[in-house]
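Working notes for the structure below.
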2 protein chains.
Amino acid sequence: MSNPEVVELPVLQDGDVVPCCPPITAGELSTADAQKMAAMFKALSDPVRLRLFSKVASHPGGEACVCDIADVGVSQPTVSHHLKKLREAGLLTSERRGTWVYYQVAPSVVAAMSAMLDLRS
Amino acid sequence: MSNPEVVELPVLQDGDVVPCCPPITAGELSTADAQKMAAMFKALSDPVRLRLFSKVASHPGGEACVCDIADVGVSQPTVSHHLKKLREAGLLTSERRGTWVYYQVAPSVVAAMSAMLDLRS
DNA sequence: TCCTTGTTTCGATGCCTGTCGATACCTCGG
DNA sequence: CCGAGGTATCGACAGGCATCGAAACAAGGA
């Protein structure tokens, strides 16, 4: 925390539209696009993160309190660590309302990933 | 009959319907489903693998010789290693035809991943 | 104010994985 | 049968990451 000049990662912010990358069949991926896409998929490449994400996504309104989803078989700090990863990847956004923190899905990012996997040609 | 060197995978074969997992919004993922899904996403969580996959997918017929796609900036053993990972995840299948080995995309698996990311709510 | 509950950060540890060079394997042409 | 070129495996190393307990931070109530 002693470095105030740390450059923020080019991660995605709440509300951003994310075109990101073309469908995989459109042609060879550039190195830069491949890195961006890989970061997104990596965020979902862990079973715990996948369960956390699905718990948020399956909640009414695509939103859930940490206290509602924290039971995934790992310690609470680990849950927080994974939620942070999902936030940094732009898949979830968080908002504190009083005592509790609520997480919401970021639909555009997920839609972008889905589009990239669309193999229709 | 021409049933030569079939590379057997304990995983998914081209043409198989892949029930695997429900859409993420359908409810909480079971531990088992989460592990299966995470393995698929993990296969695409590396930039090199993503580029290899896109090179195969963007080739006519969704098929390409290793010699056509091996130029991704890493050594030949590393390319082979990544292709093996993609094979083990069920995303690619391989077939030796004479001197060269051809890789094809396994459309159903990719479609399954895409379906899981479908967030229409 | 102090205490309780919810959440995040910190520091350490052990496993997993991407990468390479060397080498073995497979197929074809001579 | 042998050599050459394409592909896969092996062994080793370095960096990354999931996980935990402890501690710090935030908000509300007594």
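Source: prediction; values computed, not measured. All chains are named by letter (A, B, ...) in the order of the sequence lines, taking the proteins before the strands, and each is independently numbered beginning at 1.
Residue contacts shown for H81(B) include a base, since a base heavy atom lies under 4.0 Å away. Looking at heavy-atom distances under 4.0 Å, R49(A) makes contact with sugar-phosphate atoms alone, never a base. Using a 4.0 Å heavy-atom distance criterion, T99(B) is classed as a sugar-phosphate-only contact. Nucleic acid contact for Y102(A): none, since no nucleic acid atom lies under 4.0 Å from a heavy atom of the residue.
Taken from NE2 in H59(B) to CG in D68(B), the straight-line distance is 4.5 Å, to the nearest 0.5 Å. For the atom pair CZ of R51(B) and OG of S58(B), the computed distance is 11.0 Å after rounding to the nearest 0.5 Å. We find the NZ-CE distance between K36(B) and M116(B) to be 9.5 Å, quoted to the nearest 0.5 Å.
Rounded to an integer number of Å, the gap from D46(A) CG to dT17(C) C1' is 14 Å. Look at CD on E95(A): it is 17 Å from C1' on dT8(C), rounded to the nearest Å. For L83(B) and dT19(C), the CG to P distance is 12 Å, given to the nearest whole Å. The NZ atom of K84(A) sits 17 Å away from the P atom of dC20(D) (whole-angstrom rounding). What separates CH2 of W100(A) from P of dC25(D) is a distance of 23 Å, to the nearest Å. What separates CD of Q76(A) from P of dC25(D) is a distance of 17 Å, to the nearest Å. E88(B) has its CD atom 12 Å from the P atom of dA8(D), to the nearest Å. Summarising the geometry, the separation between CZ on R87(A) and P on dT7(C) is reported as 12 Å, rounded to the nearest angstrom.
When the side-chain nitrogen and oxygen atoms of S75(B) are compared with OP1 and OP2 of dT19(C), none of them lie within a distance under 4.0 Å. Contact annotation: K42(B) reaches the phosphate of dT17(C) (side-chain N/O to OP1 or OP2, under 4.0 Å). In this structure, T78(A) does not reach the dT19(D) phosphate: none of its side-chain N or O atoms is under 4.0 Å from OP1 or OP2. Proximity of K85(B) to the phosphate of dG18(C): a side-chain N or O atom is located under 4.0 Å from OP1 or OP2.
Closest to the P77(B) side chain, of the nucleotides dT19(C), dG21(C), dT8(C), is dG21(C). For C65(A), taking side-chain heavy atoms from C-beta onward, the closest of the listed nucleotides dT9(C), dT7(C), dC26(C) is dT7(C). Taking only side-chain atoms of V101(A), from C-beta outward, the nucleotide of dG18(C), dT7(C), dT19(D) with the closest atom is dT7(C). Residue R96(A) has its side chain nearest to dA26(D) when only dA8(D), dA26(D), dC20(D) are considered. Nearest to the side chain of H82(B), among dT9(D), dT7(C), dG18(C), sits dG18(C).
Heavy atoms only, all atoms of each residue included: S94(B) and V101(B) are closest at CB-CG1, 4.1 Å.
Counted by atom type alone, Q104(A) and T93(A) present one or more donor-acceptor pairs between their side chains at under 3.5 Å.
Counting only distance, with no hydrogens or angles, the side chain of S80(B) and the backbone of P77(B) share no donor-acceptor pair below 3.5 Å.
Nearer to the 5' terminus of DNA chain D, by closest-nucleotide assignment, is the contact made by G73(A) (compared with the other of R97(A) and G73(A)).
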